[in-house]
Amino acid sequence: MRRALLLALVLMLARAGLPGARATAPPESPSLLPPTSAVAVDTPNDAGRSLVVRWVLSPSDREQDVAFAGYEILRAESPEGPFVAVGDTPARTNEFVDNRELRDGAQYYYQVVARRGEALAPSVIVGPVIPAAQWFHTGRVNTLIAVLVLSGLIIYFIEHARRGRPIFLRKIAGLDAVDEAVGRATEMGRKILFIPGIQDMDSVQTLAGIAILGRVARTTSTYGATLEVPVSRSLVMVAARETVKESYMATGHPDSYHDDMVYYLTDDQFGYAAALEGIMVREKPATIFLQGHFFAESLILAENGNAIGAIQIAGTAEPSQLPFFVATCDYTLIGEEFFVAGAYLSREPRQLGSLKGQDLGKAIILALLLVGIVVQTTGVFDFASLFLVQ
Amino acid sequence: MVPLFLTAFVGTIFVIQFFVPHRPFSSMQGLLTDWVQIIVAFAIWLGALNLMRVSAESVSKREKGWPYAVIIIASFLLMAVIGFFFSGGTRFQDPGTPFDWMYQNVYNPLSATMFAMLAFYVASASYRAFRARNREATLLLLAGFLVMLGRVPVGDQITAFLPDGYRLSNLADLIMNIPNKAGQRAIMIGIALGIVSTSLRLILGIERSHLGGEA
Amino acid sequence: MSLLDRMLAVDRRWIFLLVAAAVTVPLFLELEQKIEVTQESRGVADALRALPAGSRVIMACDYDPGTAAEVQPMAITFLKYCLSHQLRVIIMGLWPQGPMQADLALRDALRDPAVAALNPQYGVDYVNLGFQSGNEVVIQRMGSDIPAVFPRDSRGRPIGEFPIMENVRNFGAVAYVFNISAGYPGTVEWIQFAGDRFHAPVGSGTTAVSAPLYYTYFPRQVTGVLGGMKGAAEFEALTGFPGKGSRFMLSQSFAHVVVILFIVLGNIAFFLSRRRKRRAEGAA
Amino acid sequence: MSVNLGVWVGALLTLGILSFLYRDNPVYKVCEAIFIGVSAGYWFVSLFWQNIQPKLYLNLRGAVETLASGGGIDSRWLYLIAGVLGVMMLMRLLPKAGWIARWPLAFIVGTTAGLYLITYLQSNAINQIHDTLVPLVGRGEGRFLFIALPFHVDWAALLVFIGTVSGLVYFFFSVEHTRLAGKTARLGIFFLMITFGASFGYTVMSRMSLLIGRMDFLVGDWLGLVH
């Protein structure tokens, strides 16, 4: 029943929002009229040497008047002239930004001339106006506040965590499945494959993937399962070896670790995918972790893992690849979840702290959204305008 | 020490210049962006030169598949020589130059076909791997179906019996404009906060993995 | 091995063959396809129509041959529309291949009778400023100084020689920015810098992969989005210049139907086989 | 069938890559190697003519000429720093001097961090908040299904609002997903999955379009079977 209602609602919405009809304009007048009420002001919030001229369109400037050519903008340093052309604009524009060889502090006068063929119709002279630079962009106060509040929160919590205060993070489903997946591989006596993506160590996603590798390696070492980590970057290989070794040491199985567990295949995207395809088909690993920065190869990898019947736990923040992981893998860490998992597992206080800061930022945004929508709907105050950045 | 200072200095300048239009920030920003463009060009050069180095090593050590490395080097040199010396200098992209010929008839088809291969993989994954294994995946696949059908003419043809405005294309519009918009927005806001915190850590020198650990 | 298991274990190459057939056969068929126009596509066409003759538009080509099948038709249609409506086009790219793709599109567009009738001139009606490295930093810099970013066109001639570049200092002189995007850098950067920072009206033509994200910026931060080949077909329908986008719609329909059938078949086989296995396990 | 050499070259290379679908083979490997080499060469050349030559070389040459003709030192000399940083980048090729590449890298990272901090906050957070906040109820006529309402309700905006909020709650990590938070997060994952479904559909669309383009090239431009 609820579904039927929802469907009806959805269909109803599909009908909404048809375009309106167009108004027609009155017939054209023959004589050329000048633009009315021109003004010139200093360009606000800029680095100076720039002025803005605005005018009300000439009554002759209409779509039907095809001969109407547009406006010419004249400038002089005194009201008596001489006036020199500094630019032109097409018909139906009412603003010109002049930044041609202006000096900050000097006085300028302007005239806007409507043109139709040879005919000219100049506006009154406006001025004086003086270009100047500003020290603060007044249209961006809201962004400044946002930067300060967010930075403050993040820095505060980094310090907080660094002093060893505990930080709570919720459970993440994909991580709880690690034990089960490793256990299954051990029972079946098959390998576990960990694939950390195709990007180098400069990608935050690779770092998060390596942190997760640390946790997986701890589990494999206690279960006595076989772990293999084929990588596509030499730097990633170095980092992955360090991480796995450390995990095996920490659980008291340093003898089970050997460098060959982590090996380099190739830098080439599809070459890497093809090599992994071969490994999967030959060795039939029971569990595959796809944790890192993936691109188009994600599909090839996940498909092959699926074809050999492996349990797959994926994680990435690459939005275009997430759908494929969700559709092919048993568990997927989505976007931020993936980062949190990395920080959570690495227990790195600075990572944890900044995550907490981010979370509070999100809480503030949520609160603003909830308050904002109520205020906006009641119409007492245009709350949304607080979020307009110039 | 120097790299950390550089990151902090440049990062701060770019944050400040957003709020302070006055000189010297406005002109510094212009100069620094020019520098970035030049450095980025060198960085991409580095990638190409590195490829040559790796390939040359592979040839000299007679690694497995080294003849392919010879082809890589040869085609790189061919393209570079043509582009530098035989295509009219700065006018190297003009229609009719050898460089343009290589672009149109070698680079273009190869690159387009590499990506077109993905269509085959999508199809085989559709058959072999995309499973409605849980509620989430089911929802995802259903939404995918509706969008796939609704965004091509066939969608409206098979729902032609429904009144205009209630067909698959309208349903696809709806999905794109309501749940997709909401979901994307939630993801975007999350990403924005993540980027703010990462950038901040970089500027403050807390995050320095890109410099290879301690710098 | 049961029929179901064999069905699931079918050689991938059969699937490949079917897909190849599904997209190729329709190329030989001439079936009129009715193109349903989305509001996002209409946004681009409407923004162009609102521009007075003589306005300058930027066509920023941020794509490469890899994705050209989807977006090249948009570039061609855009050029045809602008050049036949006396809009002056400034071509540039943040991907090195973009401006070269634009040159290819220009060759096609200039052959169109509606364009050829006006005989557009290089440097006057259109110009190709070429590629500039630096990604979003380039757009940021263009906000204050376009000539500093592009001192020369793609052929190395100083831009001072070209009437179209006269008085062009920043986005203030540009009435519309149409970005053809295949990833990073692309429409997100154009929106963030040219649109949000410098208030230039931005429109986007993009690969279908990126379209769902870009729709989120519509209509305030981006005036319109053409998504994938379907978007190209819609744009062709809206501007009255039929081209490849429209021609390929039948293949596209076939391909989608085939993929959906694959997913449905695969799932049926998977669930039946799983149920059978469970039953067998239960019996044992 | 085409008589153009270029089209033939393109068609053979296309077929060479497609041959991988049958199985990995030397022809594919050759085509792949050509692709890797040619694209590296392509970047190498275009970056020189479109960036290093006009921005670095011409600026520095201008500065040298001015100095030589007695014009003194002008601001273009500052580009020398960029050139030095660029060369430092290339030092990575040398095993011993590789560390110096950290300087230009740090420069680029600083720029990106500074720029992104602001732009993502502005475009992806502040602007999106702005766009989400629209009046949900207004004057005029509205309906709920087929029931007429005495006021106008923007159902689409309401659903977008609910979806955005619940999606945000899902990405909230400081609170356990139980009770209200749990329910909201579940609604959030519902919206997220439809979002992914939409991306999924569009990605399939994209990949198929690219294949259509290639097939059109083969049967149209090369074989001339389709006009």
Side-chain angles (χ1 to χ4, degrees), chain B residues 3 6-7 10-11 14-15 18 35-36 38-39 41-44 46 48-49 51 68 71-72 75-76 79-80 83 90 92 105-107 109-110 113 115-116 118-120 122 136 139-140 143-144 147-148 175 178-186 188-190 192 195-196 199 202-203 210-211, chain D residues 6 9-10 13-14 17 29 33-38 40-41 43-45 47 49 51-52 55-56 82 85-86 89-90 102 104 106-107 109-111 113-118 120-121 124-125 128 159-160 163-164 167-168 171 191-198 200-201 204 207-208 210-211 214:
Chain B
L6 264 180
T7 307
V10 183
F14 275 90
V15 173
F18 183 75
W35 290 10
V36 171
I38 293 169
I39 300 171
F42 276 99
I44 298 174
L46 173 70
L49 294 172
L51 175 72
Y68 300 115
I71 298 177
I72 292 179
S75 37
F76 173 81
M79 199 70 176
T90 51
F92 71 108
N105 300 309
V106 179
Y107 183 72
L110 281 172
T113 313
F115 274 87
L118 292 169
F120 292 106
V122 165
E136 281 84 31
L139 202 57
L140 185 153
V147 168
M148 268 190 260
I175 290 178
I178 298 174
N180 174 60
K181 204 172 219 177
Q184 296 279 7
R185 223 168 240 175
M188 280 163 82
I189 294 177
I195 287 189
V196 169
S199 301
L202 284 167
I203 293 175
H210 64 286
L211 300 173
Chain D
V9 170
L13 292 170
T14 303
I17 297 282
K29 288 216 175 96
I34 296 177
F35 177 54
I36 296 171
V38 165
W43 281 86
F44 204 71
V45 171
L47 278 166
W49 290 121
N51 184 301
I52 294 177
K55 279 204 151 44
L56 185 62
L85 283 169
M89 200 79 182
L90 295 183
R102 283 177 186 166
F107 187 89
V109 169
T111 323
L115 276 176
Y116 274 16
L117 198 155
I118 297 292
Y120 272 86
L121 195 62
N124 277 21
Q128 294 299 325
L159 287 173
V160 171
T164 309
L168 272 176
F171 287 124
F191 275 92
L192 289 174
M193 284 304 145
I194 299 183
T195 307
F196 289 145
F200 177 88
V204 172
R207 305 293 187 233
M208 290 301 161
L210 301 181
L211 180 60
R214 275 298 81 193

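All chains are named by letter (A, B, ...) in the order of the sequence lines, taking the proteins before the strands, and each is independently numbered beginning at 1.
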(request) Look at D:Ile118, D:Leu85, D:Leu47 and state which one has the largest set of heavy-atom pairs under 4.5 Å with chain B. (result) D:Ile118

(message) Quick check for you: among D:Tyr116, D:Phe171, D:Phe35, D:Phe196, which has the greatest number of heavy-atom pairs under 4.5 Å with chain B?
(response) D:Phe35

(request) Give, for atom CD1 of B:Ile178 and atom CZ of D:Phe191, the distance between the pair rounded to the nearest 0.5 Å. (result) 8.5 Å

(message) Just verifying a value: how many Å separate D:Arg207 CZ and B:Leu118 CG, rounded to the nearest 0.5 Å?
(response) 5.0 Å

Under 4.5 Å from any heavy atom of chain D - which part of [X]:
X        : value
B:Ile189 : both
B:Val122 : side chain
B:Leu51  : side chain
B:Val147 : side chain
B:Ile175 : side chain
B:Phe92  : side chain

(message) Could you report the tightest heavy-atom contact between B:Ser75 and D:Ala33, atom names first, then the distance?
(response) OG-O, 3.8 Å

(request) Please name all residues satisfying ring-ring contact (aromatic ring centres under 6.0 Å, His included) with D:Phe200, sequence neighbours left out, ordered by chain then number. (result) A:Phe324, B:Phe130

(message) With side-chain contact (heavy atoms from CB on, under 4.5 Å) as the criterion, how do D:Leu121 and B:Phe18 come out once you've worked through the C-alpha distance, each side chain's angles and the decisive distance to 0.1 Å?
(response) CA-CA 12 Å; D:Leu121 195 62; B:Phe18 183 75; over 6 Å; no

(request) Kindly indicate whether the side chain of B:Ile203, heavy atoms from C-beta on, has any atom under 4.5 Å from the side chain of D:Leu117. (result) yes

(message) Suppose we screen for side-chain contact (heavy atoms from CB on, under 4.5 Å). Which residues come up paired with B:Ala143, at least two apart in sequence or across chains?
(response) D:Ile194

